[in-house]
Amino acid sequence: MPELPDVEAFRGILASCAQGRRIRRTEVYDAGVLHGVSAGRLRRELTGRRFAEPERRGKWLLARTDGPTVLLHFGMTGELVCATPAEPVHAHDRVVFTVTGGRQLRYRDQRKLQGLWLVDEAGLDRMLRDQGPDAATLTRQGLGAVLAGRRGSLKSVLMDQSALAGLGNLLVDEILWRARLHPARRAGALSADEHGRLYTELRRTLRSAVRAGRVPPRGSWLTGRRDDPGASCPRCGTALCRKRLAGRGTVWCPDCQPDGTAGGET
DNA sequence: GCATATGTTATGAA
DNA sequence: TTTCATAACATATG
């Protein structure tokens, strides 16, 4: 689930569920999601604290309090759920904060690839030091700086959180498909027109996805088709290509996204 | 058993 | 130095 739009939605959930409320209880059902902090210390340091306005940076969610900050990363399967204490604990609820006002904020994650960190300001800086500029506030010039001099593929550079923070596998494929750019194109070798298309579609795609709270699996989006058997391009109907690129399953339309070499490929 | 899955990081090789 | 693929992490599904 979690790319920038999903984490943005989790930020909204945290804000409406817990901002301004005090933490009454902290229950850790699986300490395997805690990083650099024990369940006991998490409970001691957070109980009685009040959640402040949360922030998002790339795929990280900063749950600020009037004390330390809880840093959350959702890996591939994590989510943040607002519930009531009456609702039974879900099998994948790993940490549950009960706040004043009868609500619970639940960190739910099946695979536990990432988790929670408890940090002060210095720790926060250390953790997020290597993040690139946030994709949601990227300027055209900012994109130029991200791509300039990069010899790697568009796919790998746009996925690289230290180059540009927030985009994941689905979003990058979606944006490149809309911009009609082949994922294996060299990032630093775009024409002015291609650069403009990439920037426009990056902004447009992110705006829609953030509004939807996810990368919407609509039929008019690549994301809505990519997992269909015999998937075809929503724009031209050509059979989609699929290959491992930059370590991830990558989907593109060979007709809309020419690879720049004569003859194309499959 | 095999391959796949929206993420990150360490490692070794070009 | 940069970039790539790969394995690892933990779990579920087809």
Side-chain angles (χ1 to χ4, degrees), chain A residues 1-11 29-36 56-61 71-81 90-95 107-117 126-132 134-136 145-177 183-189 202 205-206 208-210 212-218 221-231 240-252:
Chain A
M1 221 192 268
E3 300 182 58
L4 187 156
D6 308 270
V7 180
E8 190 59 29
F10 301 152
R11 191 183 63 76
Y29 291 95
D30 188 335
V33 299
L34 300 184
H35 297 266
R56 180 194 57 75
R57 294 198 204 163
K59 298 174 188 172
W60 289 93
L61 183 60
L71 252 183
L72 303 102
H73 197 293
F74 299 92
M76 288 174 90
T77 52
E79 59 183 321
L80 206 55
V81 176
H90 187 278
H92 300 137
D93 283 342
R94 311 299 185 182
V95 178
Y107 178 82
R108 183 174 296 176
D109 185 23
Q110 175 194 109
R111 285 171 68 182
K112 300 186 285 183
L113 289 172
Q114 297 292 324
L116 285 72
W117 286 252
R126 214 175 313 122
M127 291 286 297
L128 303 181
R129 185 174 43 195
D130 292 334
Q131 293 279 297
D134 192 273
V146 166
L147 300 179
R150 307 283 304 231
R151 284 168 297 151
S153 65
L154 281 172
K155 173 82 177 191
S156 61
V157 172
L158 296 176
M159 291 267 297
D160 181 349
Q161 301 301 298
S162 68
L164 179 63
L167 304 185
N169 198 37
L170 295 184
L171 269 174
V172 169
D173 283 5
E174 188 72 45
I175 291 163
L176 292 176
W177 172 72
R185 288 282 306 279
R186 300 299 101 184
L202 188 152
T205 307
L206 263 183
S208 299
V210 166
R214 62 189 297 196
V215 188
R218 295 180 196 135
W221 288 48
L222 185 70
T223 302
R225 302 282 192 90
R226 59 183 295 154
D227 295 326
D228 297 349
L240 295 172
C241 287
R242 173 181 302 272
K243 184 185 180 183
R244 252 186 142 66
L245 236 172
R248 310 302 305 276
T250 302
V251 175
W252 74 95

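Values in this document were obtained by computation on a predicted structure and should not be read as measured data.
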dT6(B) phosphate, OP1 or OP2, under 4.0 Å from Arg248(A) side-chain N/O: yes
- request: Please examine the side chains of Leu202(A) and Leu164(A), heavy atoms only from C-beta on, and report whether any two atoms are closer than 4.5 Å.
  value: yes
Between CZ of Arg94(A) and P of dC9(C) the distance, given in whole Å, is 17 Å
Has Arg242(A) got a side-chain atom pairing as donor or acceptor with Arg226(A)'s backbone, closer than 3.5 angstrom?
yes
Protein N or O to nucleotides 12-14 of chain C N or O, pairs below 3.5 Å:
from, atom 1, to, atom 2, distance (Å)
dA12(C), O4', Gln110(A), OE1, 3.2

Looking only at atom types and distance, does a side-chain atom of Asp6(A) sit under 3.5 Å from a main-chain N or O of Glu3(A), one as donor and one as acceptor? yes
Separation of dT8(B) atom P from Leu158(A) atom CG, nearest Å, is 14 Å
Rounded to whole Å, the CG-C1' distance (Asp6(A) to dG7(B)) equals 12 Å
Practice task
Determine whether Asp30(A) and Asp109(A) make a side-chain contact, defined as any pair of heavy atoms from C-beta on separated by less than 4.5 Å.
Solution key: no
Pairing string of DNA chain B (Watson-Crick or G-U wobble, both atom distances under 3.5 Å; | = paired to other strand) is .||||.||||||||
Does the Thr205(A) side chain pair with the main chain of Ile175(A), one donor and one acceptor, at a distance under 3.5 Å?
no
*Report yes if at least one side-chain N or O of Ser156(A) is closer than 4.0 Å to OP1 or OP2 of dC4(C); otherwise report no.*
yes
task = Describe, in one word, how the ring planes of Phe74(A) and Phe10(A) are oriented to each other, choosing from parallel (under 30°), tilted (30 to 60°) and perpendicular (over 60°).
result = tilted
So CZ of Arg11(A) and CD of Glu8(A): to nearest 0.5 Å the spacing works out to 4.0 Å
note: Leu171(A), atom CG; dG7(B), atom C1'; distance rounded to Å ~ 13 Å
Separation of dA5(B) atom P from Phe74(A) atom CZ, nearest Å, is 23 Å
Exercise. Quantified in whole Å, what is the P atom distance between nucleotide dC2(B) and nucleotide dA7(C)?
Worked result: 13 Å
- prompt: P atom, dA3(B) versus dT6(C): distance in rounded Å?
  reply: 13 Å
Atom CZ of Arg108(A) and atom P of dT11(C) are separated, to the nearest Å, by 16 Å
Between Arg186(A) and Arg151(A), is there a donor-acceptor pair closer than 3.5 Å when you use the side chain of the first and the backbone of the second? yes
Query - Sidechain N-carboxylate O distance under 4.0 Å for Asp173(A), Arg248(A) - result: no
Original post:
Between Arg244(A) and dA5(C), does any side-chain N or O lie under 4.0 Å from OP1 or OP2?
Top reply: no
Can any side-chain N or O of His92(A) pair as donor or acceptor with the backbone N or O of Lys112(A) at less than 3.5 Å?
no
Quick note, Gln114(A) side chain, CB onward, closest among dA5(B), dG7(B), dC4(C) is dG7(B)
Rounded to whole Å, the CG-P distance (Asn169(A) to dG7(B)) equals 6 Å
Select base, sugar-phosphate, or nothing to describe what Thr223(A) touches, counting heavy atoms under 4.0 Å on all strands. nothing
Checking dT6(B), dT3(C), dC4(C) against the side chain of Arg150(A) (C-beta onward), the nearest is dT3(C)
Atom CZ of Arg226(A) and atom P of dT4(B) are separated, to the nearest Å, by 13 Å
- Query: According to a strict under-4.0 Å criterion, is Lys112(A) in side-chain N/O contact with OP1 or OP2 of dT11(C)?
  - Reply: yes
